[in-house]
Amino acid sequence: MTVTPPQGTPPVRDTVIELERVTKVYRTGTISVAALRGVSLSIDQGEYVAIIGPSGSGKSTLMHILGCLDVPSSGQYHLAGEDVSHMSETALAEVRNRRIGFVFQQFNLLPSMTAWQNVELPMVYAGVPRSSRKERAMEALSRVGLAGRVDHRPGELSGGQQQRVAVARALVTEPALILADEPTGNLDSKSAADVLRLMGELHDAGRTLVLITHDVEVAAAAGRVVGIRDGLLTDNDQRYLESVR
């Protein structure tokens with residue numbers, strides 16, 4: 001809920017992501033590797049944030065924690081006000097289904113299913129009644145410009161169209177957060193531009209987006225850029241882009 005402030009002051013937004021001194025240490029025998037070394041980050045409702053870093057910077061580990069695919073070794077993570085720092089895998093799966101929409105580089109669509117059936121899947125897991133699932137899937141596909149492709153299977157769609165199906169699937173449960181992991185990585189330049197334009201439209205509509213990337217041009221589409229190197233955040237504004245051009 002957005003709180004209405006006194007006239008002349010900006011609106012107060014809910015915080016969707018709150019990381020406090022998060023670390024992640026991987027151990028193999030006697031060897032320990034610190035992938036994250038005390039990361040603190042706050043992202044408000046309706047923000048569009050890009051997290052950018054080179055290979056080995058810790059951005060994949062951070063993405064896994066933000067997406068509730070893993071838990072921190074220490075520190076706290078609140079997602080939409082809920083402490084998810086030390087949840088069991090079963091509890092994390094429920095949070096992922098309720099609060100996060102994922103868009104992956106590889107699309108992760110089931111080849112035997114049509115576009116609308118792929119979009120329907122998260123609602124099946126969420127227990128949405130069968131009577132309303134198809135209608136909602138069709139509506140989501142229409143919102144991403146694929147109203148004429150709802151009965152096509154992934155193999156009958158271009159890469160850009162498949163990514164639009166993935167975006168529709170991420171949207172259909174109305175999650176608090178859309179997490180996009182290198183969403184343009186497998187696309188040609190035109191399809192990549194189309195997907196980034198769609199991301200911008202979602203942001204304009206009030207969605208909270210976090211985009212993980214190594215690409216400076218992709219990151220520049222976001223409203224805020226957060227750099228990560230060696231498991232630490234390096235900057236929290238657009239100036240980071242200039243330092244890596």
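As a basis for the values below, the full set of heavy atoms in this structure was taken, side chains included, without hydrogen atoms, waters or symmetry mates.
- Between Val226 and Ile52 the shortest side-chain heavy-atom distance does not fall below 4.5 Å.
- A donor-acceptor pair under 3.5 Å is absent between the side-chain atoms of Glu135 and the main chain of Ser132, judged by distance alone.
- Proximity of Ile43 to Arg224: side-chain heavy atoms (C-beta onward) are separated by under 4.5 Å at one or more points.
- One hydrophobic cluster, built from ILVMFWY side chains closer than 4.5 Å, cannot hold both Leu209 and Leu62; they sit in different ones.
- Val103 and Leu202 fall within the same hydrophobic cluster, where Ile, Leu, Val, Met, Phe, Trp and Tyr residues are linked whenever their side-chain heavy atoms come under 4.5 Å apart, directly or through other members.
- Rounding to the nearest 0.5 Å gives a distance of 8.5 Å between CZ of Arg133 and CH2 of Trp116.
- Between Glu94 and Arg98 there is a salt bridge, since a side-chain N of the basic residue sits under 4.0 Å from a carboxylate O of the acidic one.
- Looking at Glu120 and Arg130, no side-chain N of the basic residue comes within less than 4.0 Å of a carboxylate O on the acidic one, giving no salt bridge.
- Between Val84 and Ile65, every side-chain heavy-atom pair lies at or beyond the 4.5 Å cut-off.
- Between the side chains of Asp188 and Ser191, at least one donor N or O sits under 3.5 Å from an acceptor N or O.
- Between Gln76 and Glu18 there is no side-chain heavy-atom pair separated by less than 4.5 Å.
- If you check the side chains of Asp215 and Thr213, you find no donor sitting under 3.5 Å from an acceptor.
- At distances below 3.5 Å, at least one donor-acceptor pair connects side-chain atoms of His64 with backbone N or O atoms of Ser60.
- Sparse packing is recorded around OH of Tyr125, with 12 or fewer heavy atoms of other residues, nucleotides or ligands lying under 6.0 Å away.
- Considering only heavy atoms from C-beta on, Val144 comes within 4.5 Å of Leu171 through its side chain.
- Using a 4.0 Å cut-off between charged side-chain N and carboxylate O, Glu174 and Arg143 make a salt bridge.
- Between Ile51 and the options Ile228, Leu179, Leu233, Leu211, a side chain to side chain contact (heavy atoms under 4.5 Å, CB included) holds for only Ile228.
- Ser40 places a side-chain N or O within donor-acceptor distance of the main-chain N or O of Arg21, the cut-off being under 3.5 Å.
- Between Arg164 and Asp194, the shortest heavy-atom distance links the atoms NH2-O, 3.7 Å.
- The side chain to side chain donor-acceptor pair (under 3.5 Å) with Asn186 is formed by just one residue from the set Gln163, Gln162, Gln105; it is Gln105.
- With a 4.5 Å cut-off on side-chain heavy atoms, Ile178 and Val210 do not count as touching.
- Shown here are the ring-ring contact (aromatic ring centres under 6.0 Å, His included) partners of Phe102, two or more places apart in sequence or in another chain: Phe104.
- A donor and an acceptor atom, one from each side chain of Thr114 and Asp151, are nowhere located under 3.5 Å apart.
- Between Arg96 and Glu89 there is a salt bridge, since at least one side-chain N of the basic residue sits less than 4.0 Å from a carboxylate O of the acidic one.
- The number of heavy atoms from other shown groups lying within 6.0 Å of NE2 (His78) is above 12.
- Classification of Lys24 and Asp70 as a salt-bridged pair holds, one side-chain N sitting under 4.0 Å from a carboxylate O.
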Handout entry: CA sep, side-chain torsions, deciding dist, call: Ser74, Thr23, side-chain hydrogen bond (donor to acceptor under 3.5 Å, both in side chains)
Key = CA-CA 5 Å; Ser74 66; Thr23 70; 2.5 Å; yes
